[in-house]
Number of protein chains: 2
Amino acid sequence: MASIKDVAAEAGVSVATVSRVLNQHPSVSQDARLRVTAAVERLGYRPNAVARSLRTDQTRTLGLVISDVMNPYFTELARSVEEEARALGYSVIIGNADERPDLQDHHVTTLLDRRIDGLLVSPTDGGSPRMLDAARTGTPMVFVDRWIPGVDVPVVRSDGRAAVRDLVAHLYELGHRRLAIIAGPAATTTGRERVDAFREALGAYGLALPDAYIGQGDFQAASGRRVTEGFLGLAEPPEAVFAADNLMALGALDAVRARGMRVPDDIALAAFDDIPWFVHTGPPVTAIAQPTRELGRAAVRALVDRIEGRTGESVTLPARLVVRRSCGEAVPRDPLPTPSVPPVPSTPSPVRRSTP
Amino acid sequence: MASIKDVAAEAGVSVATVSRVLNQHPSVSQDARLRVTAAVERLGYRPNAVARSLRTDQTRTLGLVISDVMNPYFTELARSVEEEARALGYSVIIGNADERPDLQDHHVTTLLDRRIDGLLVSPTDGGSPRMLDAARTGTPMVFVDRWIPGVDVPVVRSDGRAAVRDLVAHLYELGHRRLAIIAGPAATTTGRERVDAFREALGAYGLALPDAYIGQGDFQAASGRRVTEGFLGLAEPPEAVFAADNLMALGALDAVRARGMRVPDDIALAAFDDIPWFVHTGPPVTAIAQPTRELGRAAVRALVDRIEGRTGESVTLPARLVVRRSCGEAVPRDPLPTPSVPPVPSTPSPVRRSTP
DNA sequence: ATCCTCCGTGTAATCGATTCCACGAGGAGG
DNA sequence: CCTCCTCGTGGAATCGATTACACGGAGGAT
């Protein structure tokens, strides 16, 4: 592969001049510029990003460590991150932790070894020493979706509290009183928060959340199935189940079906994280939608701000309830209208379409 | 961040010795080795992968350019590619082309600029000059899923011909005679092949595939919807629709629902590419399942073989039909039973479960 | 005519590793 | 006791870029 030396020889100039042309440095004569670009063209030369990075100490690359690629929520997040990063002139390297702390650590380590300019993480646990260390020693970093309390890193996430309240109101309205939740891992902030928000919302209706109605899941489908089977086996099973993510809702659907029961006739189901497929499940699933694309964009912007010496603040965007049919048929047509869509802010709207 | 020089100083040896310890070179005294590892520990030193790559001319990184991350089929493929690569000591950088040739070219270019050791591509089109050039000049490369005819690069893919025959037999059995297809882009091999296989299978039953029953899609949901609306508007609409990928099937489901019709009562639906969600759609969708994980593994192995100087051959794996309910109820219970779920095998098996 | 700028260019140092080569010490063999 | 290996080690070149610095020539001011 041709190097800058070959180009210099071909153009009859020094490597310094070639470099200057490549980096649009002003003090290069028109003549030299032309000769160099011609030589570049002729040789099909492309600068070696590795060498450039070594010298400039920047890779123009962002690392993104997500909890689970197979989860459509994270897939969409990854996509919007890459999009925004590309727009700002950065590449993204994705690491999939698969909800495993050891894998998360592996990816953080390799990304750091490659000297990425900044790191976007949705932590699976409390954080490995390596990651905490990187955060402390000043590697530009931003948490997205989940975060680690006590670590001084901006967080870009969405707040589901209001949406969870709307959901509980919706369930109450439909006559459900025994409400259960399939929780995410307690090691994650989202795992804990969603349970808290749910309990709080129940409290507002004078409803309790007994321990038997809190099933411990791990954000993966299999756990949703297992927990739901447990609920269904109870002497007094819940009338409605709220899954803390979409994959566990899928597992719940499985469990209900396996038992020959039906949603919502026999049991109601709702999920955190809305995804296109929920429109087409039998029945369509009521879910809490996060402004995923906006989260991705905001996270990248905050990270790039940090990298380039600007401030880079935390951002919290509201989630919203999308009512479908999995909690029971909406009585006639009025009683509890779908909460109105929040006002559209400045640029790209956080509103998510509920149909693909 | 500490460099090899700092470690050398700390350990009281030369950088050469440190490097030798790091690379487990045999001729280092026990004493020096201990001192170096201690220094590494104390400083929290990690070798700079950028510098190492520059010197050794290898990055131990694979590039993967896929057509669309939001398509669960490709997500799963990406996941298995990363898994196998990691097992072999390589990292993976994913580029999402979003079915856009310009984006594909962008990613191929950046990956090449980063001097990845090898490239895995599922081409969106006939290939940009840059990609063709890389293939010709010896960059290790392997096509996965889709390929470009006439380019001398191994191909890892699955053959759906037999499964498509099984599908047509299934549809015929259920009494459907007017069969239509939502095709993928003609620029892709899979786009063309699936139509050909379908037509051929129809021929075996004395059925024709009129032009009106071939809808041109682009592997994205919106096109599936558009094409299906067209079919439904025909004076004599088809009795069954075969979508050439899962996203277009989703669009088809949309279109049918929007028209107030039902699957399979009013129209039958089947898809290429099976995904976990198809179990939970209303109704569950009959699909052709590719051995996705195996494809990813095989592709990585072939590519790494090439990189490390071994041969690295093409691989073709069979796809298989998974019957569910979207083409009509399997008559009573015997004639053509749903293929039983295969027993869960030990570890990697080419068999794909039809339920998550 | 002389001096000072400014502009375009080249030389060489540098980034952080790997690795070839040379060198000194110590042991074995004659 | 001398020679020859072997082994452990360090010096220095190298990978492909960027960039500080020096330098020569052209042009303007005096």
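A note on names: the letters A, B, ... follow the listed sequences, proteins ahead of strands, and every chain is numbered from 1. All heavy atoms count here, side chains included; hydrogens, waters and symmetry mates do not.
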| said: From CZ of B/R60 over to P of C/dT18, roughly how many Å is that when rounded to an integer? | reply: 13 Å
| note | Value for CZ (A/R52) from CG (B/L54), rounded to nearest 0.5 Å, stands at 13.0 Å
| task | Let me know, please, whether A/Y45 or B/P26 comes out on the 5' side of the other along DNA chain D by nearest nucleotide. | result | B/P26
| Does OP1 or OP2 of D/dT9 have a side-chain N or O of B/S27 closer than 4.0 Å? | no
| request: Say whether A/R115 and A/T61, considering side chains only, have a donor N or O and an acceptor N or O under 3.5 Å apart. | output: no
| message | Using the side-chain heavy atoms of B/R20, tell me which of these nucleotides is nearest: D/dT9, C/dT18, C/dT9. | response | D/dT9
| Please give, in whole Å, the distance from C/dC7 C1' to A/Q30 CD? | 15 Å
| said: Within this structure, what is the CG-CD1 distance for the pair B/D6 and B/I4, rounded to the nearest 0.5 Å? | reply: 10.0 Å
| request: Under 4.0 Å from any atom of DNA chain C, heavy atoms only: list the residues of residues 47-58 of chain A that qualify, in numerical order. | output: A/L54, A/R55
| So, are A/D31 and A/R35 salt-bridged, with charged N and O less than 4.0 Å apart? | yes
| field | Euclidean distance, atom CG of residue A/D6 to atom C1' of D/dG16 [Å, nearest integer] | value | 10 Å
| request: Scan B/S19 against the nucleic acid and name what it touches under 4.0 Å (heavy atoms): base, sugar-phosphate only, or nothing. | output: base
| said: Working to the nearest 0.5 angstrom, can you tell me the gap between A/H107 NE2 and A/D102 CG? | reply: 10.0 Å
| message | Exactly one of B/N23, B/V18, B/T17, B/L22 should register a side-chain contact (heavy atoms from CB on, under 4.5 Å) with B/R20. Which one does? | response | B/T17
| Between A/R33 and B/M1, which has a closest nucleotide on DNA chain C that is more 5'? | A/R33
| Which of the following nucleotides, C/dC15, C/dA12, D/dG10, is nearest to the side chain of A/V15? | C/dA12
| field | 5' priority, DNA chain D, between B/S29 and A/A2 [closest heavy atom] | value | B/S29
| With no angle test and no hydrogens, is the base of D/dG16 tied to the side chain of B/R115 by a donor-acceptor pair under 3.5 Å? | no
| Could you state the CZ-P distance from B/R114 to D/dG16, rounded to the nearest angstrom? | 18 Å
| request: Just call it for B/V13: base, sugar-phosphate, or nothing, with non-hydrogen atoms closer than 4.0 Å on any strand. | output: sugar-phosphate
| query | Regarding B/Y73 and B/D145, is there a side-chain donor-to-acceptor distance under 3.5 Å anywhere? | reply | yes
